[in-house]
Amino acid sequence: MKLGAGPKIGAVLIAIFFALAIFGPLFAPYGPEVQNLDHLLEAPSHAHWLGTDENGCDLLSQLLFGARLAAGISLAVVSLCLAIGLAVGTLAGYVGGLIDESIMRFVDILLAFPGILLNLAIVAMVPSAGVGVFVFALTVNGWVGYARIARGQVLQVREREFVSAARALGAKPGRIMLKHILPNILSPIMVQATFGFAGVILVEASLSFLGIGRIHAYSWGALLSQGTTYLWRTQHLAMAPGLCIALVVLGCNLLGDGLRDRLDPHSK
Amino acid sequence: MSAGYIRRRIFGSLIAIFGVSVLVFLLVHLIPGDPIDNLLGEAADPVDKLQMRVCMDLDQSLLIQFGRFIKHVFDGTLGVTCPDQSRTVASLIAHALPSTIELSVAAMIVALVLALPLGVIAALKPGSWLDAASTVVSLAGISMPAMWLGPLLLSIFYVQLQWFPGPADQTGLSALVLPAIMLGTHLMAMLARMTRSSLLEVLSEDYVRTARAKGLSNTAVVVKHALRNALVPVITVAGIQFGSLLAGAVVTEKVFARAGIGTLLLEAIAQRDYRIVQGCTLVIAVSYVSVNLLVDLAYGLADPRIRVQ
């Protein structure tokens, strides 16, 4: 599969992100929460490549551990949303009738919460919400986009000859959905997952930025929030985490655009 | 527009609003643990706990609680705040909402004013450096987290250049400029991309070729024929996204320390005032559904093909 320059750049950015998430903490010069009170709010130097924060923590180390956290949360949320969305959307599209109608009304209700509102409300309700609550909150309405696309695709695919043939041969609905329909609806879903990954990174960072929940102090959103507090004195603390988030989201968007043009040109 | 279409659409929205109300009501109950312990801490004075439980109706059965919740929605108060029962949630929201609507409208204006020329220029000169520049701006706008853009804007235009007022000053239109750019940039980027692709599609239509063949000037073809049709979906998406701006205002209001429904929501979260959290969530979600409904109906009026679909 050939990709243009933009998607290639996107793929490289995402690859770097995952490489940093997996291996970065191994090479981090300091622990993410190791404080050095002799080096507070220092500009980038030989000892601290990206400088230090107000507690003397090394920013580079925090960002590397933060990358692992962001990658872990995003992968968990996107995988869960994919699994739920595909299962629910395929079921609704294939079975139709009352089940389809009920599922889609429920989807409409979840879609009635704009942006991060529902995630925010859920995390806010739980005292000391940790990573698990974040993943749960982001999954609660994250799967609906996948379900809608899956359902739309199934409605098209279920009328095709190979599905009728499988049915005529006596295949059970479960087998038809799993073996015949699912592999044929995956392309647009994977495109959506690429954009969805960027969305999760942004929402997780926003929630941490707002200080909601008790996720690690080195999550990218929390680092950005902390950096903006000291923006009047030093810019590097806000620049680095902001740039990290922006580059990962840019990578997903570039890759998603490329995959969409190649795999799913109709939805462009 | 057929009455059946309007009825169906309104009925669907009412179901969504009812579902949203149920979900918002259940938020408090779906969380593990006793809401009062979550609110006051397990070690709190039992008398305080009991008072809070009674105030929040948590001493009643789930059905009665839901009945009261719905009653408060319909009587327009959204319930009283707890433990300070002198204020209704609705009065707090009514006080905060105008500022958020003002910010969202300003963000929408910023988004449209920047996105339309950006998308149109890119579509009229596809493959040119203008197109490439427009693509870069759109991609940057989509990828840049708003909570990074806002502080950057403040750092450049308030701290260094001193062109616009900072967070402390909220009076006058100039105080709205930076928050509106922060909130509107993502939507701007989205709309610019949409305008470009929509206009490119329309420009390849037969009726545009006919208009050119009639000898009309390029400007007349673009403005009178192509743009009018190309902008219908763009304006629709802009309308639908208005509700998202209301939710996005939470982050913007925090960065610019603006009073609004976002700030109210964050304060309520910090104080664990569930009633206000529920009220704010409900009001934003219902506004979102209502705006979507209005946009859909207006779109149906403008483009009869939608009703058939």
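These values consider heavy atoms only, across backbone and side chains, with no hydrogens, waters or symmetry-generated copies. The chains referred to below are lettered A, B, ... by the order of the sequence lines, with proteins before strands, and numbering in each begins at 1. This structure is a prediction, so every number in the text was calculated from the model and none was measured.
- With a threshold of 4.5 angstrom between heavy atoms, B:Leu246 does not approach chain A through any atom at all.
- Within a 6.0 Å radius of CE in A:Met190, other residues, nucleotides and ligands contribute 12 heavy atoms or fewer.
- The local environment of CZ in A:Phe136 is sparse, with at most 12 non-hydrogen atoms from other residues, nucleotides or ligands closer than 6.0 Å.
- Scanning both residues, A:Leu111 and B:Tyr288, for their nearest heavy atoms gives O-CE2, 3.2 Å.
- Within the model, atoms OG of B:Ser143 and CG of A:Leu243 stand 11.0 Å from one another, a figure rounded to the nearest 0.5 Å.
- Summarising the geometry, atom CD belonging to A:Gln235 is positioned 8.0 Å from atom CG belonging to B:Leu152; distances are rounded to the nearest 0.5 Å.
- Between chain B and the options A:Leu231, A:Leu254, A:Leu210, A:Leu110, the largest number of non-hydrogen pairs under 4.5 Å is found for A:Leu210.
- Using a 4.5 Å cut-off between heavy atoms, B:Val159 contacts chain A through its side chain alone, with no backbone atom that close.
- By number of non-hydrogen pairs under 4.5 angstrom with chain B, the leading residue of A:Gly221, A:Ala246, A:Ala205 is A:Ala246.
- Rounding to the nearest 0.5 Å gives a distance of 10.5 Å between CG of A:Leu247 and CE of B:Met144.
- Here B:Pro145 is the residue among B:Ala247, B:Pro145, B:Gly243 with the most heavy-atom pairs under 4.5 Å with chain A.
- With a 4.5 Å cut-off on non-hydrogen atoms, B:Leu266 touches chain A through its side chain but not through its backbone.
- With a 4.5 Å cut-off on non-hydrogen atoms, A:Ala112 touches chain B through its backbone and its side chain both.
- A 6.0 Å sphere centred on CZ of B:Arg258 holds more than 12 heavy atoms belonging to other residues, nucleotides or ligands.
- The number of heavy-atom neighbours closer than 6.0 Å to CZ of A:Phe195, taken from other residues, nucleotides and ligands shown, is above 12.
- Looking at B:Gln241, neither its backbone nor its side chain comes within 4.5 Å of chain A, counting heavy atoms on both sides.
- Distance check: A:Phe113 CZ to B:Leu23 CG gives 4.5 Å after rounding to the nearest 0.5 Å.
- Heavy-atom distances place the side chain of B:Val277, and not its backbone, under 4.5 Å from chain A.
- Considering CE of B:Met147 and CD1 of A:Ile245, their distance stands at 4.5 Å, rounded to 0.5 Å.
- Checking side-chain atoms of B:Trp148 against main-chain N and O of A:Ala238 turns up a donor-acceptor pair under 3.5 Å.
- The candidate with the highest count of non-hydrogen atom pairs below 4.5 Å against chain B, out of A:Ile201, A:Asp108, A:Asp257, A:Val133, is A:Asp257.
- Between chain B and the residues A:Gly251, A:Ser225, A:Gly242, the most heavy-atom pairs under 4.5 angstrom are made by A:Gly242.
- In this structure, chain A has a heavy atom under 4.5 Å from the side chain of B:Val255, while its backbone stays farther away.
- Ranked by heavy-atom pairs under 4.5 Å with chain B, the list A:Leu120, A:Leu117, A:Thr228, A:Leu118 is led by A:Leu117.
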